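Report on one structure; see the data block that follows.
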Amino acid sequence: MNTITDALVARLCDRVSASTSDTLSTVEVFTGGTLAKVPRSSPQDVAEAVEAARVAQRAWANVAVADRIAIFERFHALVLEHSEQVLDLLQAETGKSRRDAFLEAASPLVTVGYYARKAPKLLASQRREGMMPLLVKTTELRAPKGVVGIITPWNYPFALAFTDLIPALIAGNAVVLKPDTQTALSTLFGVDLLYQAGLPQGLLRVVLGDGPVVGTAIVDTADYVGFTGSTRTGREIAARAGQRLVGCSLELGGKNPLLILADASLAKAATGAVQTCFSNSGQLCMSPERLFVHTAVYDAFVARFIEEVKRMNLTAAYDFSADMGSLTSRRQLETVSAHVEDAREKGATVLAGGRARPDIGPFFYEPTVLTDVTPEMLCYDSETFGPVVSIYRVADDVEAIARANATMYGLNASIFSKSIPHAESVAAQLNAGTVNINDGHVVGFGSADAPMGGMKDSGLGRRNGAEGLLKYTEAQNVSVQKVPLTTPPRWLPYGLFAKNMRALLRLFRKAGIR
Ligand code: NDP
């Protein structure tokens with residue numbers, strides 16, 4: 001925390017595209033006091049940022065991919081060098097534990113490492129099969145979209161912004177970024193490091209302000225939109241982008257299931273469930289909120305799980321002592337409290353937690369475990385986005401799979417089982433974009449070679465993998481006809497030409513050529 005000085009805040013605020021002296025206040029979550037005043041951008045500032053980014057992008061598109069990547073290699077080193085400051089900022093703005101901040105700060109490093117290795121090949125022109133062997137030459141080119149708008153939430157301000165903007169920039173785009181105001185400094189610190197690493201000035205612009213004003217202005221001007229946030233806002237953005245016929249990718253909410261199968265190791269399952277359910281105080285789109293436990297191991301699992309939950313250490317400290325930190329805002333505290341009170345009033349049993357802890361910090365809430373949750377309760381199918389999980393007893397895998405899938409969401413699922421083939425066969429039946437076996441969410445998110453994202457109301461498009469890079473490009477098919485193929489020579493009657501072509505098509509199919 002000592003590393004957040006007035007000089008640092010002033011330097012970071014200078015990175016914001018804002019023309020007036022209007023400011024917005026942010027809060028130091030552990031105390032509730034004011035942390036900083038950051039500039040507020042107007043729609044006019046957004047329009048100017050997009051235009052200026054467009055100019056910078058033209059030069060950037062001509063920079064060799066290897067030279068673009070060299071900047072991100074230096075950024076990787078700088079993040080590690082300044083990691084204490086990154087963790088201080090993340091904790092101050094989000095209230096998360098230092099352990100959660102540490103994991104978050106590592107995320108962009110995984111993204112850099114992956115795309116530094118893969119992007120040169122993915123972005124290079126690729127020879128494709130032409131319409132006719134030897135007679136047609138076809139090449140697929142990848143051109144940047146232009147200016148990509150990226151809009152991110154407050155729960156993972158460092159990880160989510162950079163996981164999206166790193167591939168967008170490597171693909172040759174400029175970026176106009178709108179982080180959530182409360183957590184703007186964490187994102188701006190990374191932006192500042194990227195400029196220190198050598199990013200050309202003006203290529204990455206940051207605007208701050210209310211989502212419906214500043215975010216909308218981005219959606220109305222960018223050439224592609226990458227959004228992470230709620231399903232409600234995601235729908236609005238998709239509709240608006242659709243009007244302009246520009247693409248968008250949406251990483252949205254979840255009501256993620258965790259399945260404890262009959263053959264699970266209960267020790268590993270209990271520890272794993274605590275780790276994933278209460279990561280970032282449950283303010284994590286991939287965190288499970290519904291636990292389906294096979295009846296054969298239900299009692300034993302619940303006893304172990306509750307024991308571990310009750311042992312969790314909640315502390316407002318800028319060190320690694322806490323198992324779980326604070327919620328990020330009063331709004332989150334109110335939502336979480338409302339979900340638990342509603343469940344309690346309607347007959348749920350509170351096995352652990354169930355209360356706010358203002359004695360630790362203004363927005364702390366205990367890790368909470370509920371049973372006897374029924375469909376009329378808010379927490380049954382609405383996303384709580386906090387440290388609240390419900391446990392359900394299931395008779396077998398069939399019931400576990402059916403109940404896990406009975407949600408409008410499809411972001412993440414987790415399975416615990418000693419038999420990998422068993423767990424993999426269950427995974428294939430779950431409607432979730434990511435399934436983690438013997439882990440809650442980390443291995444799926446961190447395995448950057450495979451795409452990650454949501455089915456159903458949890459999103460559109462994917463981050464990570466080839467898709468996470470190529471979505472920021474336009475594919476272009478360049479085909480060369482070496483001899484005329486579709487018009488017969490003057491001396492050949494069309495009927496004979498058609499007959500020969502049919503014979504050729506038959507031959508190609510028989511030979512398996514086309
Ligand atoms: P919101 O959708 O309210 O906000 C997300 C971002 O969008 C913020 O920067 C917000 O700005 C901005 N925004 C709000 N309204 C608009 C609009 N009309 N047009 C453009 N931008 C807008 O989500 P929350 O902040 O509440 O974030 C929590 C939600 O995000 C949860 O539901 C969670 O599941 C989801 N999430 C999903 C993740 C994933 O990867 N799938 C990861 C993390 C979170 P402002 O705050 O200024 O209004």
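Heavy atoms only: backbone and side chains are in, while hydrogens, waters and symmetry mates are out. Whatever order the structure lists them in is the order used to number ligands and atoms, beginning at 1. Since this is a predicted model, take the numbers as computed values, not measurements.
Among protein heavy atoms, the minimum distance from atom 11 (O) of ligand 1 is reached at Lys178 NZ, 3.1 Å. Looking only at heavy atoms of the protein, atom 28 (C) of ligand 1 is closest to Phe385 CE2, 3.7 Å. Looking only at heavy atoms of the protein, atom 45 (P) of ligand 1 is closest to Gly211 N, 3.5 Å. When only non-hydrogen protein atoms are considered, atom 35 (C) of ligand 1 lies nearest to Gly229 O, 3.0 Å. At the shortest separation from atom 42 (C) of ligand 1 among protein heavy atoms lies Cys285 SG, 3.0 Å. Summary of contacts: the protein heavy atom closest to atom 31 (C) of ligand 1 is Glu383 OE1, 3.6 Å.
The pair Arg98-Glu84 counts as a salt bridge, with a side-chain nitrogen and a carboxylate oxygen less than 4.0 angstrom apart. The existence of a salt bridge linking Glu376 and Lys346 is excluded, since no basic side-chain nitrogen approaches an acidic carboxylate oxygen closer than 4.0 Å. Residues Arg244 and Asp220 are not paired through a salt bridge, judged by the lack of any N-O separation under 4.0 Å between the basic side chain and the carboxylate. Classification of Arg54 and Asp223 as a salt-bridged pair holds, one side-chain N sitting under 4.0 Å from a carboxylate O. Using a 4.0 Å cut-off between a side-chain N of Lys or Arg and a carboxylate O of Asp or Glu, Asp457 and Arg235 qualify as a salt bridge.
In terms of N/O distances under 3.5 Å, ligand 1 is approached by Arg463. For ligand 1, the polar-atom distance check against Thr233 finds a nitrogen or oxygen pair separated by under 3.5 Å. Checking only distances, Pro153 never comes within under 3.5 Å of ligand 1, N or O to N or O. In terms of N/O distances under 3.5 Å, ligand 1 is not approached by Thr181.
Each of Val191, Leu109, Leu193 was compared with Phe162 under the side chain to side chain contact (heavy atoms under 4.5 Å, CB included) criterion, and only Val191 meets it. Remark: of the listed residues Leu87, Thr152, Val79, Thr163, Val79 is the sole one forming a side chain to side chain contact (heavy atoms under 4.5 Å, CB included) with Phe158. Val388 pairs with exactly one of Val350, Thr368, Thr335 by the side chain to side chain contact (heavy atoms under 4.5 Å, CB included) rule, that one being Thr368. Across Leu250, Ile237, Ile150, a single residue satisfies side chain to side chain contact (heavy atoms under 4.5 Å, CB included) together with Val225, and that is Ile237.
Ligand 1 lies less than 4.0 angstrom from a heavy atom belonging to Phe227. The shell of residues lying under 4.0 angstrom from ligand 1, judged by heavy atoms, includes Arg331. The shortest separation from a heavy atom of Met286 to ligand 1 is not under 4.0 Å, leaving the residue out of contact. Using a non-hydrogen distance threshold of 4.0 Å, Gly454 does not register as a contact of ligand 1.
Phe364 places none of its side-chain heavy atoms less than 4.5 Å from the side chain of Met324. Ile437 is listed as a side-chain neighbour of Glu424, based on a closest heavy-atom distance under 4.5 Å. Using a 4.5 Å cut-off on side-chain heavy atoms (C-beta onward), Ile260 and Phe292 make no contact. At least one side-chain heavy atom of Asp164 sits under 4.5 Å from a side-chain heavy atom of Tyr472.
Ring planes of Tyr318 and Phe30: perpendicular class, angle over 60° (limits at 30 and 60°). Between Phe385 and Trp154, the ring-plane angle classifies as perpendicular under the 30° and 60° cut-offs.
Contact atoms of ligand 1 toward Gly209: 47 (O) (distance under 4.0 Å to a heavy atom of the residue). For ligand 1, the atoms lying closer than 4.0 Å to a non-hydrogen atom of Asp210 are 47 (O). Taking every non-hydrogen atom of Gly215 and a distance limit under 4.0 Å, the qualifying atoms of ligand 1 come out as 20 (C), 21 (N). Each of the atoms 41 (N) of ligand 1 lies under 4.0 Å from some heavy atom of Leu411. Counting atoms of ligand 1 from 1 in the listed order, those under 4.0 Å from a heavy atom of Leu252 are 34 (O), 37 (C), 38 (C), 39 (C), 41 (N). Of all the atoms in ligand 1, the ones that sit under 4.0 Å from a non-hydrogen atom of Thr228 are 5 (C), 37 (C), 38 (C), 39 (C), 40 (O), 42 (C), 43 (C). Close approach to Leu160 involves these atoms of ligand 1, each under 4.0 Å from a residue heavy atom: 42 (C), 43 (C). For ligand 1, the atoms sitting less than 4.0 Å from at least one non-hydrogen atom of Trp154 are 24 (P), 25 (O), 26 (O), 27 (O), numbered in the order shown with element in parentheses.
Within 4.0 Å of atom 4 (O) of ligand 1, not a single protein heavy atom is present.
When the heavy-atom distances from atom 8 (C) of ligand 1 to Asn155, Thr152, Thr434 are ranked, the shortest goes to Thr152. Between Ala184, Ala217, Ser230, it is Ser230 that holds the heavy atom closest to atom 23 (O) of ligand 1. Proximity annotation for atom 46 (O) of ligand 1: of Ile151, Ile237, Asp180, Asp180 comes nearest, heavy atoms only.
Residue Glu236 touches ligand 1 through its side chain alone, judged by heavy-atom distances below 4.0 Å.
With hydrogens and angles left out, the side-chain atoms of Asp449 and Tyr114 include a donor and acceptor closer than 3.5 Å.
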